[in-house]
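Here is the structure we will look at.
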Amino acid sequence: MPESIQPKKIVIFGYMLVPMTLFIFAVFVPLVAAGVFSFFEWKGGPNKIFIGLENYITLINDEIFWTAFGNNIFLVVACIIGQIGLAFVFSLMIYSRLVKFKSIHRTFGFFPSTVSAVAVGFIWRMVFDYKNGVINWFLTAIGQEDLTRVWLNDEKIIMFVVAIPLIWQYIGYYMIIILSAMSSVSQEIFEVAELDGANGIQRAIYIIFPLIKNTLLVCLTLCIAGNMKAFDNIYVMTKGGPGYSSNVMAMYAYNISFDKSNNLGYGSAISVGIFVLSLLVIGGSQLLINRATRSKEV
Amino acid sequence: MKRKLLSVLLATAMVATLMVGCGKTETETTETETTETETEVAETETEAAGYAGELSIMHFSTSEESQGNGGSDGFRTMLSQWQAANPDITLTEEVLANAEYKTQIATYAAAGDLPDVFLLQGMNTKTWAAQGLILDLTDAVNSSPYAADYNKAYLTPFMDGDTIYGYPALTGGTCTVVVYDSAKWAEAGFDTFPTTWADVEAASAYFDEQGVDTIAFGNGGGWQANSCFISTLGNRYTGKEWYQSMIDKAGASFEDAEFVAALAETQRLFTSTSIFNEDFNAITNEDAREYYISGDAAAFIGGNWDVSYIQSTLSGTDLYNTTKFAVLPQPADATKDPNSQNIGLGYAVAVSTEVANDPAKLAAAIDLAQYLTGPEFSTFVAENYALGGFTNVANVDLSGFDQWTQDFYNWSYVDTTACEIYDSYLTGDVWGLFNTDLQTMMNGGITPEDVAKHAQEAYLANY
Amino acid sequence: MAGKSIKTNSKFANGILGFFMNAMLILFSLSCIFPLIWMFYSSLKTKREFYADVTGLPENPTFQNFIDLLSNPNNNLLSAMLNSVRTTFLSVVLIVICGYVLGYILSRINFKGNRVIYIMLLMGMLIPVHALLVPVYIVYKDLNLSNQWFTLIIPYVAFGLPIAVFLVEGYIKAIPIELEEAAAIDGSSFSKTLFSIILPVSRPILVTIAIIQTFACWNEFSFALILIKDSALQTVPPALTMFKGQFSSDFPKTMAALLITMSPIVVLYFTFSKQIIKGMVAGAVKG
């Protein structure tokens with residue numbers, strides 16, 4: 001913004017004071033508290049024993065935690081492709097003159113992200129169910145009975161299986177964000193980039209993509225942040241099982257703190273670990289994107 | 001259209017502002033809702049009369065839970081009767097469903113902010129006692145007017161050494177019972193349920209041909225294989241002394257050969273035989289019992305809560321009349337009591353140490369705890385549900401109940417021997433790890449020796 | 001001749017493409033609305049019927065679950081809904097206003113600390129809430145902030161803010177700066193530019209934020225569970241757990257309760273979806 005229309009510093013300060021104070025209080029005070037607790041052996045109650053970095057040393061050597069971290073990374077990648085990718089494609093389609101019922105698609109698509117994880121989990125368990133599930137029924141119907149399996153008890157594919165509902169549920173969420181960003185793009189540009197034939201799609205992507213790049217980057221950040229602390233959907237579907245094969249970091253921290261034991265000191269250390277790792281992953285992704293876009297521009 | 005939207009928004013805004021206005025004055029506390037049952041108010045309510053003021057209690061007997069669940073129904077009924085008998089005391093109730101209750105009570109414990117009276121889970125006893133959160137109730141329990149009728153065996157999960165920290169609450173029920181369709185098993189050639197796993201395996205060949213699962217089991221939550229299987233099967237190998245030694249830290253180990261043998265047998269049964277439904281690790285006990293109800297399985301293994309559900313669901317069908325109960329079959333290489341099943345009370349009414357600062361309040365809290373677990377409660381659940389609690393009541397008249405209820409009462413309290421529910425003891429740190437490993441082991445992903453090794457490490461580190 | 005055949009060819013290709021695009025979107029939309037339909041007809045079943053066939057239609061549809069819920073003197077769904085309406089409304093209003101102002105400032109104004117604040121907000125999105133319940137509880141309790149009518153608004157606004165700020169920031173960056181320059185030449189003050197020139201242009205993203213946050217606040221569970229003790233102040237999600245037992249859950253009844261409690265926002269959303277979408281599109285910048 002040019003100097004001439006820069007407002008006075010005091011005005012900016014005034015506008016930011018209240019929201020930022022509230023934000024720092026609500027977000028950082030508990031985090032700092034958790035940081036403090038993470039240096040203690042603490043099983044709940046008034047007695048805490050200071051143990052320095054011991055919880056963090058345990059964390060670094062905790063295979064279960066790193067498996068969970070790997071699962072989070074898998075979810076991040078799957079959801080960037082599945083959620084943002086499909087949301088972008090669907091949004092483009094909705095802008096095409098070949099597509100009907102545009103407003104219905106806009107309205108309905110968002111709906112799953114508003115339904116509680118419990119209900120969504122229930123529906124997808126019916127899809128994957130071994131005896132009465134849709135998938136095994138279909139495989140049997142087309143004569144591929146060999147391919148039927150207990151979908152929710154197969155360690156090798158369990159992460160794919162739990163990622164599908166997660167992706168499906170949030171496509172519409174990113175769709176309405178992308179659609180609102182597209183609404184700032186002039187209508188004429190869409191007419192130029194009209195989806196007719198394969199070239200049209202390509203053109204649309206090359207023309208529209210840069211115009212809403214900022215919003216897409218925000219979506220990317222949201223998606224990484226959301227999946228680094230994924231919890232609800234997986235808890236409902238598998239509780240992290242079988243074994244630890246679909247365990248994720250936030251669920252591990254929750255189990256350590258509440259569900260399976262009351263080891264709050266270590267639970268706090270895990271929370272801090274999640275926070276730091278998420279920061280690294282987001283920082284890393286932004287570096288990658290910056291480098292990629294810069295090298296293109298040169 | 002725009003105007004319509006605007007007016008709705010305005011109206012919402014107004015309503016919201018109004019509510020903001022009155023929010024503060026709404027109510028400071030929730031008082032107990034019901035005073036409907038004033039008929040059977042006990043006359044022993046004298047001790048508590050000295051106290052007037054607030055008393056907070058937190059529990060998980062929601063009104064939903066109490067429908068059909070005798071323990072919860074009795075608990076709620078006792079609570080409202082006690083409130084009616086003590087009008088000077090304002091009972092502040094916080095009621096949450098069980099899963100949320102556990103999270104919330106752990107949060108309160110961590111913050112040192114427990115309610116006056118609450119339900120203590122067995123495995124938290126030692127930790128919380130060490131933290132000074134829960135009050136020593138040894139004298140109160142021993143000098144209780146009902147002390148002579150207490151079933152003292154139920155106290156062990158709530159003791160640290162000789163100190164008692166709670167009144168075992170709700171109803172005692174088994175965690176491991178085989179529910180089977182005697183008609184199907186007769187067709188397979190068994191008049192009663194087999195007493196050995198070898199016979200069950202033989203029967204499974206027949207049921208496979210019929211396209212029926214021999215036994216339905218659900219371990220999707222991870223805890224079922226522990227509470228409803230290993231806890232009893234382990235006792236068949238180790239005997240009760242071994243687990244007592246685990247509780248007392250008197251030398252027993254998860255790596256003892258007998259316990260590892262129990263794990264190995266479990267792994268064999270779930271991975272190398274066709275006895276159980278293939279999706280046992282992906283479904284919960286709630287799904288598994290549906291396999292039995294729909295006739296897709298010839299038997300089901302679960303806890304007393306499953307039995308009440310199956311009973312109310314099957315009522316009036318043929319299967320209702322042919323359903324019978326059995327103990328877990330005995331493994332070939334197991335040597336201890338083949339008639340055992342794990343039974344106990346998982347929660348106890350405990351009192352926060354804070355309450356001790358006010359003797360009158362403490363007297364009221366103890367009176368409430370004794371009332372919730374006393375003869376009134378036991379009589380109520382015996383007469384209405386054929387269930388037993390902490391206090392024994394003599395001469396329960398079962399004649400008014402049907403065959404199913406009588407059979408299950410006798411099976412639970414008369415015809416079988418009791419062993420411990422593992423996860424009522426020790427600490428959650430052990431069980432969290434153990435349950436997850438167990439699930440992997442039942443898929444064949446880890447050896448029994450490693451499961452035992454991990455559990456023992458966690459036991460040594462945390463208990 | 002040649003030209004005509006190309007034209008028919010592309011018409012044919014368009015037809016195929018159109019068919020596939022429509023088919024895909026229709027399938028997707030159907031899958032999205034299926035949960036609502038399924039929840040509705042499941043709520044008309046008895047518990048028994050539901051477990052016997054989870055996907056099947058009810059044989060003897062009954063509104064008994066709804067009747068039970070609304071006539072049960074022990075449930076506090078109605079007061080919970082009022083609490084949820086109040087909390088959600090105030091939180092969303094605050095999130096939209098604060099998010100808009102912060103997002104605008106961060107995207108347009110250079111000052112020391114601009115990036116610091118951006119990164120702090122980013123960090124806010126990375127907090128694993130489920131794992132921090134105990135510190136949260138202790139902090140709120142010690143400051144006497146727990147168990148008040150306004151308690152939940154604090155975390156809802158704080159945790160809703162980052163998403164709002166980022167969306168606004170990304171959106172405003174795409175708006176040509178000439179708008180503000182023209183306003184400045186006309187002598188418009190910062191605040192006037194902020195609220196009467198840029199605000200209308202940003203309407204699509206603000207509507208989107210409002211929708212997302214309305215549902216997020218309405219459905220939030222963890223804070224609502226631990227920070228509110230008094231059942232008169234409880235919001236809907238914790239109140240719904242009353243329909244869960246320790247070892248059994250009555251799903252049809254839970255579905256009925258979910259439907260009752262979701263109905264206000266779902267009805268609002270579907271009724272006004274046309275206007276909402278119009279609002280999103282109408283703000284589009286020309287040129």
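FYI, side chains are in, hydrogens and waters are out, and symmetry mates aren't considered; it's all heavy atoms of this structure.
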Study note, to complete from the structure: Most heavy-atom pairs under 4.5 Å with chain A, out of B:Asp296, B:Thr107, B:Asp437, belong to B:Thr107
Point to revise | B:Thr127: side chain to side chain contact (heavy atoms under 4.5 Å, CB included) partners, not counting sequence neighbours | key: A:Lys43
**Study point:** chain A contact via B:Asp429 - which portion, at a heavy-atom distance below 4.5 Å
**Key:** both
Check your understanding: Is the shortest heavy-atom distance from the side chain of A:Glu155 to the side chain of B:Thr440 under 4.5 Å?
Key -> yes
Review point. For A:Trp42, is it the side chain, the backbone, both, or neither that has a heavy atom closer than 4.5 Å to a heavy atom of chain B?
Key: side chain
Review point. For A:Tyr254, is it the side chain, the backbone, both, or neither that has a heavy atom closer than 4.5 Å to a heavy atom of chain B?
Key: side chain
**Study point:** Heavy-atom pairs under 4.5 Å with chain A, option from B:Gly112, B:Ala109, B:Ala130 with the top count
**Key:** B:Ala109
Practice item. Flag the one option from B:Leu438, B:Ile283, B:Thr427, B:Asn462 with the top tally of heavy-atom pairs under 4.5 Å to chain A. Key: B:Asn462
Point to revise | Residue part contacting chain A, namely of B:Asn443, when any heavy atom lies under 4.5 Å | key: side chain
**Study point:** Partner residues of A:Asp154 under the salt bridge (charged side-chain N to carboxylate O under 4.0 Å, His left out) criterion, sequence neighbours left out
**Key:** A:Arg149
Exercise for review: Identify which part of A:Thr238 has an atom lying under 4.5 Å from any heavy atom of chain B, answering side chain, backbone, both or neither.
Suggested key: backbone
Practice item. Answer yes when B:Asp287 and A:Arg125 have at least one side-chain N-carboxylate O distance shorter than 4.0 Å, and no when they do not. Key: yes
Review point. For chain B, which residues from residues 29-40 of chain A have at least one heavy atom closer than 4.5 Å to it?
Key: none
Point to revise | Proximal component of B:Ile446, with respect to chain A [non-hydrogen, under 4.5 Å] | key: neither
Review point. How many angstroms lie between atom OH of A:Tyr252 and atom OG1 of B:Thr436, to the nearest 0.5 angstrom?
Key: 9.5 Å
Check your understanding: Hey, is CD on B:Glu354 packed in by over 12 heavy atoms from elsewhere, all under 6.0 Å?
Key -> no
Point to revise | Contact origin within B:Tyr291 toward chain A - heavy atom pairs under 4.5 Å | key: side chain
Check your understanding: Between A:Asn263, A:Asn153, A:Ile256, A:Asp129, which has the largest tally of heavy atom pairs under 4.5 Å with chain B?
Key -> A:Asn153
Exercise for review: Can you check whether anything in residues 47-71 of chain A gets within less than 4.5 Å of chain B, heavy-atom wise, and list it by number?
Suggested key: A:Asn47, A:Ile64
Review point. What part of B:Asn435 lies closer than 4.5 angstrom to a heavy atom of chain A: side chain, backbone, both or neither?
Key: neither
